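This structure is a prediction, so every number in the text was calculated from the model and none was measured. Numbers here simply count residues along the sequence, with the first being 1.
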Amino acid sequence: MGRTMWALFSRHLRVWLLLAVGAPVLAWLLGRLGEAIERRRGPNTLSKLSHAGRRFLERRTRGPLRRREQPDADRLAR
């Protein structure tokens, strides 16, 4: 039943749903995972990769769950 429901959505709508809902949730989970690892063992390769994955997904996220960041003053001065 679940597979037939996805077939009713157009390809563009499915991609938008993944980017609008799935990517922010996954980015949030990766951020929480990285923070938990750092609390237990300090900064290490796995926590750095987790934070890098979070930043990667946040840059590519669209839609209502996108994180809105204030522009950096140093970037605006350049």
(message) Nearest 0.5 Å, please: how far is CD1 in I37 from CG in L46?
(response) 3.5 Å
(message) Using every non-hydrogen atom in the two residues, find where A27 and R54 come nearest and quote the distance to one decimal.
(response) O-CG, 3.1 Å
(message) So, taking the atom named CG in L30 and the one named CG in L49, what distance separates them when rounded to the nearest 0.5 Å?
(response) 10.0 Å
(request) Could you pull out the closest heavy-atom pair between G34 and S50, with the gap in Å? (result) N-OG, 3.2 Å
(request) Can you measure from NE2 (H12) to CG (L17) and round to the nearest 0.5 angstrom? (result) 13.0 Å
(message) Less than 4.5 Å apart, side chain to side chain, heavy atoms only: is that true for E38 and H51?
(response) yes
(request) List in chain and number order the residues that pass side chain to side chain contact (heavy atoms under 4.5 Å, CB included) with R39, two or more places apart in sequence or in another chain; answer none if no residue qualifies. (result) E35, A36
